[in-house]
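These figures come from a predicted structure and were not determined experimentally. Below, all heavy atoms of this structure are taken into account, side chains as well, without hydrogens, waters or symmetry copies.
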Amino acid sequence: MEFYIGSCDIAVIGAGHAGVEAALAAARMGMSTVLFTISNDAVANMPCNPSIGGTGKGQLVYEIDALGGEMGRAADKVTLQDRMLNLSKGPAVHSKRVQADRRMYQNIMKLTIEHTDNLRLVQAEIVDIRTEDVGGVPHVCAVVTSLGQIWKCRAAVVCTGTYLDSRVIIGEYTKSSGPDGMHAAVGLTESLRKLGLEIRRFKTGTPPRIDARTVDYSVLERQDGDEVTPYSADTDIRDLDARPKLPCYVAYTNETTHEIIRKNISRSPLYSGVIEGIGPRYCPSIEDKVVRFPDKTRHQLFLEPMGEGSNEMYLQGFSSSMPADVQMEMLRSMRGFENAVTMRSAYAIEYDCIDPLTLDASLKVKALSGLYGAGQFNGTSGYEEAAAQGLIAGINAALYLRGEAPLTLSRNSSYIGTLIDDLVTKGTNEPYRMMTSRSEFRLILRQDNADARLSEIGHRVGLLSDERYERYLKKQKLIDTEKERMFSTVFPPSEKLNELLTSIGETPISTGVRFSELIRRPGVTYEMLAPIDKNRPELPRDVIFTAVTDIRYDGYIKKQLADAERFEKLEKRLFPSDIDFMKIRGISTEAAQKLTKIRPASIGAASRISGVSPADISVLLIYLDARHRDEMHGGKSE
């Protein structure tokens with residue numbers, strides 16, 4: 001029996017990392033919001049790696065914070081180890097990653113939700129999304145729980161993660177289940193199909209959790225963290241410094257491990273046909289690595305803490321769906337794990353998701369009004385990718401109800417824009433993972449300048465407070481002032497300066513040299529020049545880093561900004577809403593079909609669709625010019 005229970009502006013389905021950000025954004029923008037979850041104890045769960053950030057992912061977290069999202073603030077409060085990846089490379093690919101206290105992160109997020117105005121957390125499984133016809137277009141009007149409770153709403157954001165009709169697989173054992181023993185969401189898939197959404201089947205996996213007391217750490221490589229730096233501009237560095245600093249450890253598989261895998265490969269669900277879903281290319285299981293790279297004699301693993309005081313350790317790189325007995329044999333074949341005991345077996349999990357090509361750049365389902373998707377529901381993998389999409393979907397659901405234009409971020413503005421653009425113009429045939437290599441603008445999309453790129457947007461939509469925005473403006477002024485000082489300061493030749501340059505293998509100077517020129521020399525650092533830089537102000541280290549980076553890479557940055565400007569021109573060449581690509585003469589049949597299916601908003605978006613050639617783009621530009629001329633004279637052309 002169904003019965004009406006309440007109403008809200010926005011219903012968010014799923015309380016993982018996407019759902020949490022979507023719900024918080026919508027509520028903070030003044031929308032009455034209900035966040036539905038299968039279990040209130042699974043809010044913001046980390047069923048896989050207990051970490052936040054990583055290559056390309058750290059940039060997403062900084063951008064989430066700059067827009068007013070919550071992930072960075074929470075991650076700073078639960079950091080167990082802080083590392084900056086790719087420090088041996090240029091700043092364009094520097095990426096922060098923290099080991100996080102898993103349960104503390106969940107508790108902080110749950111409390112944040114419970115104490116946010118306009119937001120309710122409800123434990124319920126949503127099995128149906130209902131629409132009503134308004135002017136010939138279906139509009140979201142309600143969601144229904146498995147208990148028959150009807151919640152009226154004006155918009156919904158689907159953030160079902162890996163729960164949608166999910167199945168856990170360990171060897172021959174399979175069970176309808178979500179991650180960590182939570183029950184699966186089994187009713188919603190059929191409702192989504194009835195709404196016209198194309199459903200796909202993806203797969204991911206997770207390694208075993210090891211009892212810390214059963215590992216011999218003396219034979220493993222200890223890995224300590226780096227100097228701590230906050231994700232969030234709201235974090236006091238003293239609070240971050242006070243957090244416990246826990247080590248991780250490096251371990252390796254060996255030939256014995258690989259032989260055990262090869263001997264039992266027929267029992268692997270990956271190779272026996274039990275697993276049907278498509279898994280992530282960049283995070284394969286250990287058995288997949290052994291099969292795909294037969295010449296490798298070992299694979300690197302990382303043993304990481306799950307939380308302060310917890311005995312559970314996460315063995316990164318050892319994902320598997322092998323039977324439990326084989327997993328144990330594999331584990332104990334490795335040095336340091338001869339007596340290891342698992343607290344949770346590794347498993348694979350299959351789940352339903354949608355084809356992201358059904359979404360537009362605001363993450364709204366094109367064929368429906370008021371329905372948005374975010375996270376693994378859209379075909380991505382990773383907490384950070386999910387949170388970024390959830391934030392944008394939540395913002396746009398609120399803007400939609402306000403009657404305002406949607407927020408769409410471009411590729412040259414952010415990694416978030418790159419992520420969404422890849423999904424809605426290229427689609428994905430496997431769980432999508434963000435990497436720095438996916439961005440052609442990565443030198444201007446560094447994690448240190450995320451606030452300069454996105455704070456104004458966060459403030460405009462109402463997620464960054466006036467006080468936070470003022471702090472950003474003051475920081476930016478410090479950066480600009482220091483850059484001006486470095487360009488105008490000239491150091492005369494001196495014995496002290498030349499001794500310094502000689503000590504690092506640099507040529508001494510015989511005439512005056514600008515600070516900005518000197519800092520571009522290999523090996524010369526800002527700190528190194530302190531003894532001769534008498535007028536140096538006291539500045540925060542993040543201000544110094546950005547100022548120095550902007551000057552050191554000034555020529556490359558200007559070139560990339562010029563590329564971004566050309567890119568922006570194509571993004572501004574918009575297609576009319578009534579365009580019929582099939583009637584445009586001169587473009588290929590494949591291009592016409594792809595353009596008709598995806599319906600890109602601009603020439604720029606069209607150029608990134610697989611199957612649309614540069615010749616097709618030239619024809620489209622000519623068509624738009626001709627149509628514009630005809631419309632200026634009252635006519636119309638195809």
Side-chain angles (χ1 to χ4, degrees), residues 12 14-28 33 35-54 57-58 60-82 96-123 159 161 179-180 182 225 228-246 304-310 312 314 375 382-388 390-391 394 458 463-465 468:
V12 178
H17 303 281
V20 163
E21 295 290 354
L24 287 172
R28 288 167 174 168
T33 306
L35 176 58
F36 295 96
T37 174
I38 280 178
S39 172
N40 284 358
D41 298 322
V43 170
N45 187 27
M46 295 183 184
C48 200
N49 202 325
S51 69
I52 300 291
K57 296 168 177 279
L60 289 175
V61 182
Y62 277 102
E63 291 178 356
I64 290 166
D65 185 70
L67 287 167
E70 196 66 30
M71 177 172 266
R73 274 194 292 263
D76 285 343
K77 295 172 184 175
V78 302
T79 295
L80 299 173
Q81 185 188 97
D82 194 328
K96 176 180 160 76
R97 178 186 185 272
V98 303
Q99 203 63 32
D101 189 310
R102 178 193 189 195
R103 294 304 180 200
M104 186 181 290
Y105 185 88
Q106 286 184 269
N107 290 337
I108 286 172
M109 281 298 200
K110 184 169 182 284
L111 288 172
T112 300
I113 289 164
E114 290 175 350
H115 293 88
T116 295
D117 292 340
N118 303 317
L119 180 55
R120 286 176 287 178
L121 179 66
V122 174
Q123 180 169 301
C159 309
D180 285 333
M182 298 290 174
V228 295
T229 55
Y231 271 128
S232 177
D234 289 328
T235 298
D236 188 322
I237 188 66
R238 292 169 297 184
D239 294 335
L240 196 54
D241 279 328
R243 290 286 308 148
K245 313 292 190 296
L246 300 187
E304 302 167 335
M306 298 280 286
E308 184 183 6
S310 172
E312 282 195 89
Y314 181 90
Y383 311 144
E384 303 82 5
E385 291 90 338
L391 178 61
L463 294 181
L464 281 192
S465 66
R468 164 78 182 265

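- Interatomic distance, CG of Leu464 versus CG of Asp234, reported as 8.0 Å (0.5 Å rounding).
- Using a distance-only test at 3.5 Å, with no hydrogens or angles considered, a donor-acceptor pair links the side chain of Thr37 to the main chain of Ser39.
- Closest non-hydrogen pair, Thr229 versus Tyr62, comes out as OG1-OH, 4.1 Å.
- With hydrogens and angles ignored, the 3.5 Å screen pairs a side-chain donor or acceptor of Glu21 with a backbone N or O of Met71.
- Residue Pro305 comes nearest to Pro50 through the heavy atom pair O-CG, 3.7 Å, listed as atom of the first residue, atom of the second, then distance.
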Quiz prompt | Residues Ile108, Thr112; criterion side-chain contact (heavy atoms from CB on, under 4.5 Å); working and verdict | solution = CA-CA 6 Å; Ile108 286 172; Thr112 300; 4.2 Å; yes
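- Nearest heavy-atom pair, Gln123 versus Ile38, reported as atom, atom and distance to 0.1 Å: CG-O, 3.4 Å.
- Asn40 places a side-chain heavy atom less than 4.5 Å from the side chain of Leu121.
- Inter-residue side-chain proximity for Gln99 and Leu246 is flagged as unmet; no heavy-atom pair is nearer than 4.5 Å.
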Quiz prompt | Glu384/Glu63 under side-chain contact (heavy atoms from CB on, under 4.5 Å): CA gap, chis, key distance, verdict | solution = CA-CA 10 Å; Glu384 303 82 5; Glu63 291 178 356; over 6 Å; no
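- Heavy atoms only, all atoms of each residue included: Ala25 and Leu463 are closest at O-CD2, 3.8 Å.
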Practice problem: Begin with the C-alpha distance, continue with both residues' side-chain angles, and end with the deciding distance and a verdict on side-chain contact (heavy atoms from CB on, under 4.5 Å) for Ile64 and His17. | Solution: CA-CA 12 Å; Ile64 290 166; His17 303 281; over 6 Å; no
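- A donor-acceptor pair under 3.5 Å links the side-chain atoms of Asp76 to the main chain of Ser232, judged by distance alone.
- A salt bridge does not link Glu312 with Arg103: every distance from a Lys NZ or Arg NE/NH1/NH2 to an Asp or Glu carboxylate oxygen is 4.0 Å or more.
- Contact check for Leu24 versus Ile113: side-chain heavy atoms found under the 4.5 Å cut-off.
- In this structure, Asp236 contributes its side chain and Arg238 its backbone to a donor-acceptor pair below 3.5 Å.
- Using a 4.5 Å heavy-atom threshold, the side chains of Val98 and Val61 count as separate.
- Distance alone, capped at 3.5 Å, is enough to place a donor-acceptor pair between the Arg102 side chain and the Met46 backbone.
- The heavy-atom pair separating Pro47 from Asp180 by the smallest distance is CA-OD2, 3.7 Å.
- Proximity of Thr33 to Asn118: side-chain heavy atoms (C-beta onward) are nowhere separated by under 4.5 Å.
- Between atom CG of residue Asn107 and atom CD of residue Glu114 there is a gap of 9.5 Å, rounded to the nearest 0.5 Å.
- A cation-pi arrangement is found for Lys96 relative to Tyr231, the charged atom lying closer than 6.0 Å to the ring centre and inside a 45° cone about the ring normal.
- Taking CG from Asp241 and CG from Asp82, the interatomic distance works out to 10.0 Å, rounded to the nearest 0.5 Å.
- Listed here is the closest heavy atom pair of Tyr314 and Met306: CB-SD, 3.7 Å.
- Within the 3.5 Å criterion, the main-chain N or O of Ala44 finds no donor-acceptor partner in the side chain of Tyr383.
- Remark: side-chain polar atoms of Asp101 are paired, donor with acceptor, to backbone N or O of Glu308 under 3.5 angstrom.
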